[in-house]
Asker: 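Before anything else, here's the structure in question.
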Amino acid sequence: MIHGNLKTPLYAAFFCAVLTSCTATELTPDPGRVQCSDRTLAIAEVQGAGSLSPVQGRQVTVQGLVTLIQNDKGLYMEEPASDNDDHTSNAIFIQSDHLPPGIEPGVLVAVSGTVTEVGDERDPLTALTGITGLQVCSSGHTLPLTDVTLPLDGPGRESIEGMRIRINDTLVVTDVYQFNQGKFTLSANGLQYVPTEVMEPGASTAGLLEQNRANALRVSLPENGVSPALLVSGTSTGQVMGVLTHDDRGKRLALQSIPSFSASNYGAPVSAPPGSLRIVGMNLHNYFNGDGMGQGFPTPRGAETFAEFQQQRDRIGAAITSLEPHVLAVMELENDGFGPYSAAQDFIQLANQASRKTWAVTRPADDNTGTDKITVGIFYRTDQLKAIGPAQTLSGGVFERSRQPQAQLFQRLTDGETMLIVINHLKSKGSCPDAGINANQNDGQGCWNEVRRISAEKMSHWAKETAVAAGTDNILILGDMNAYRNEDPIDAIRSAGFTELMESDQLPVYSFAYAGQHGSLDYAFASDALVEQVRQAYIWHVNAAFPAHVQLPQAWLRFSDHDPVIVELR
């Protein structure tokens with residue numbers, strides 16, 4: 001049974017057909033206005049058992065209790081037990097930008113209009129449009145309520161479309177991207193992970209993705225209610241209650257009360273043990289400084305305005321202050337050279353100010369950083385490390401799509417130990433080709449997987465060759481690989497003899513979240529010799545779990561859309 005128990009059934013005596021009087025409020029003065037004694041169809045008959053109404057396009061009159069009013073859009077009404085079929089919804093949406101006085105939750109109304117399927121054609125909403133009459137028949141009724149459990153597939157959700165429901169399970173926040181608009185997603189199967197983060201690629205990944213979708217519930221906060229100041233992915237709640245409405249993307253539960261959420265952790269990073277070398281892999285989320293003199297906005301990929309860039313810069317600066325790093329291996333740095341007004345020089349100034357130390361940036365021979373709008377870079381504290389020779393780059397072939405990696409040999413000033421640090425940013429999963437080996441193979445890895453796999457393979461062997469030529473066996477590979485933990489590019493780096501340092505922790509972990517699905521895109525790989533020197537390695541969860549465009553309790557929260565990877569060496 002999908003619907004559970006009806007807590008407050010609407011008895012037939014509520015309808016004006018058996019009431020001695022009705023208070024009529026007309027939406028329009030049309031002579032053919034609806035009467036409270038009119039009722040051509042039960043709402044369940046209008047809804048039908050499928051995704052489309054069986055009486056689409058027909059003029060009908062329905063009656064039911066108002067459960068939710070959406071300003072300037074209309075209202076939801078429900079006729080409990082309008083049939084005995086769990087596959088048909090007892091509720092319907094009344095589309096009208098003008099509602100007469102007296103319309104509020106708990107009133108019984110009679111409405112005439114045309115049955116229409118509105119919204120996304122993949123998941124339309126059955127509604128009455130072109131309203132010709134609406135009357136308030138009686139008031140003060142208890143609202144209907146149906147207990148529901150997750151998971152629910154598409155037909156299961158269709159069967160409760162527009163109804164007032166309650167879920168008593170423990171639910172976890174798994175998506176907060178639109179929290180600034182009062183929208184988020186809850187999950188009944190815990191924090192949700194991208195399938196290839198937790199399983200091997202293949203046809204079975206589609207099953208896990210479908211399972212995640214069935215357990216996810218998109219919700220919105222009450223329009224006029226008190227909302228939580230902040231929600232973070234991973235926090236949990238118990239009972240939720242509201243009306244299963246519809247927005248431009250599909251069904252969404254409009255909450256009618258504010259759930260109680262568990263506390264969130266906004267902790268600063270753990271301090272590095274004395275004598276440690278702290279190396280941080282950090283995606284900057286398009287660090288573009290315009291022309292470097294306060295103009296040149298909007299930028300091609302970054303900030304729209306100078307003020308927006310300053311806010312981004314301040315958050316990154318606060319993160320640097322809190323992290324106290326010795327090396328920052330970054331991605332999504334504006335690729336505009338190393339001149340006095342470049343993004344690289346601006347970032348050096350930021351790091352100097354934030355740490356009160358002196359920083360420098362590695363530079364390839366001829367300053368060759370590729371032709372993409374963004375590039376990678378390695379910034380380092382000059383009181384801790386010395387860069388030996390120019391940075392090395394790998395370009396051409398597949399790296400015409402992936403940003404070319406950069407490798408720099410460093411010598412530690414305290415003990416003379418050398419180490420090669422390699423920073424990468426592989427091709428994303430967007431802008432897919434229609435056919436060929438780089439098209440989406442429907443195995444969970446998305447498109448451009450072959451480009452990423454070959455790039456990872458070539459980069460790994462190049463890193464080893466570069467280290468041999470430099471006379472060191474200490475290699476640290478960092479970067480945004482745009483591939484989840486069990487995908488081919490990550491396997492290629494492992495197969496080349498490198499250890500992924502996060503796998504020593506309890507899995508799964510994540511550094512990125514998209515559409516409520518979490519996974520690792522950002523990694524740290526070490527050669528066998530370097531693994532013995534690793535004190536700890538972890539992901540600092542300060543970005544991916546937090547909403548953007550809201551006030552946050554710490555200055556360094558949400559400085560990017562990726563979480564930084566922290567590696568500490570003895």
Side-chain angles (χ1 to χ4, degrees), residues 265-284 316-331 351 354-360 362 376-387 407-424 463 467 472-481 485 493 498-507 509-511 520-544 554 556 559-560 562-570:
N265 179 17
Y266 313 136
V270 178
S271 296
S276 293
L277 185 72
R278 175 171 277 185
I279 302 168
V280 178
M282 180 185 287
N283 187 308
L284 301 177
I316 294 173
I320 293 172
T321 299
S322 185
L323 283 166
E324 298 181 335
H326 302 108
V327 177
L328 289 167
V330 306
M331 296 131 280
S355 65
R356 298 184 180 180
K357 303 293 182 181
T358 301
W359 287 75
T362 61
V376 297
I378 305 175
F379 297 84
Y380 63 99
R381 275 177 46 179
T382 58
D383 64 327
Q384 296 289 321
L385 296 166
K386 177 182 178 181
Q408 177 67 58
L409 181 67
F410 286 102
Q411 184 177 49
R412 188 166 176 168
L413 298 181
T414 54
D415 57 13
E417 186 80 18
T418 59
M419 174 177 57
L420 186 75
I421 297 179
V422 184
I423 180 66
N424 299 264
T472 185
D473 53 4
N474 296 320
I475 307 171
L476 181 64
I477 297 174
L478 298 158
D480 176 0
M481 307 301 180
R485 185 163 302 277
I493 303 174
F498 293 96
T499 298
E500 206 290 297
L501 298 177
M502 299 307 124
E503 290 174 351
S504 61
D505 295 338
Q506 184 177 355
L507 296 180
V509 296
Y510 68 90
S511 68
S520 301
L521 294 181
D522 306 86
Y523 297 88
F525 294 89
S527 60
D528 289 345
L530 192 65
V531 167
E532 301 301 319
Q533 302 175 43
V534 176
R535 281 184 165 172
Q536 60 180 348
Y538 60 98
I539 296 171
W540 186 29
H541 292 304
V542 292
N543 294 327
Q554 299 290 349
W556 28 261
F559 71 81
S560 175
H562 291 242
D563 289 326
V565 174
I566 300 174
V567 178
E568 289 165 1
L569 304 177
R570 293 183 178 86

Asker: Is there a side-chain contact between Arg381 and Thr358 (heavy atoms, below 4.5 Å)?
Answerer: no
Asker: Please lay out, stage by stage, how Leu569 and Arg535 fare under the test side-chain contact (heavy atoms from CB on, under 4.5 Å).
Answerer: CA-CA 5 Å; Leu569 304 177; Arg535 281 184 165 172; over 6 Å; no
Asker: Applying the side chain to side chain contact (heavy atoms under 4.5 Å, CB included) criterion to Leu501, which one of Leu530, Val565, Val567 satisfies it?
Answerer: Val567
Asker: If you measure from CZ on Arg570 to CG on Asp415, what distance do you get to the nearest 0.5 Å?
Answerer: 13.5 Å
Asker: Measure the shortest side-chain to side-chain distance between Leu420 and Gln408 over non-hydrogen atoms and say whether it is less than 4.5 angstrom.
Answerer: no
Asker: Is any side-chain heavy atom of Ile421 closer than 4.5 Å to a side-chain heavy atom of Leu478?
Answerer: yes
Asker: Find the distance between CE (Met419) and CG (Leu476) and round it off to the nearest 0.5 Å.
Answerer: 6.5 Å
Asker: Starting at OH of Tyr510, measure out to CG of Leu521 and round the result to the nearest 0.5 Å.
Answerer: 13.0 Å
Asker: For Trp556 and Asn543, which heavy atoms make the closest approach, and how far apart are they?
Answerer: O-OD1, 4.3 Å
Asker: Once you round to the nearest 0.5 Å, how far does CZ of Phe410 lie from OG1 of Thr362?
Answerer: 5.5 Å
Asker: Please report the shortest heavy-atom distance between Arg412 and Gly275, naming the atom on each side.
Answerer: NH2-O, 2.6 Å
Asker: Taking atom types as modelled and ignoring hydrogens, do the side chains of Arg278 and Ser276 form a donor-acceptor contact shorter than 3.5 angstrom?
Answerer: no
Asker: Please name the pair of heavy atoms, one in Leu507 and one in Met502, separated by the smallest distance, quoted to 0.1 Å.
Answerer: CD2-O, 3.9 Å
Asker: With heavy-atom distances below 4.5 Å as the criterion, would you say the side chains of Pro325 and Ile320 are in contact?
Answerer: yes
Asker: Please determine, by modelled atom types, if Asp522 and Ser511 share a side-chain donor-acceptor pair under 3.5 angstrom.
Answerer: yes
Asker: Starting at CZ of Arg485, measure out to CD of Glu503 and round the result to the nearest 0.5 Å.
Answerer: 5.0 Å
Asker: Please examine the side chains of Trp540 and Asp563, heavy atoms only from C-beta on, and report whether any two atoms are closer than 4.5 Å.
Answerer: no
Asker: Between atom CD1 of Ile279 and atom NE2 of His326, what is the distance when rounded to the nearest 0.5 Å?
Answerer: 9.5 Å
Asker: Determine the minimum heavy-atom distance between Trp359 and Phe379, stating which atoms define it.
Answerer: CZ3-O, 3.5 Å
Asker: List the steps and the verdict of side-chain contact (heavy atoms from CB on, under 4.5 Å) for Leu413 and Lys386.
Answerer: CA-CA 7 Å; Leu413 298 181; Lys386 177 182 178 181; 3.9 Å; yes
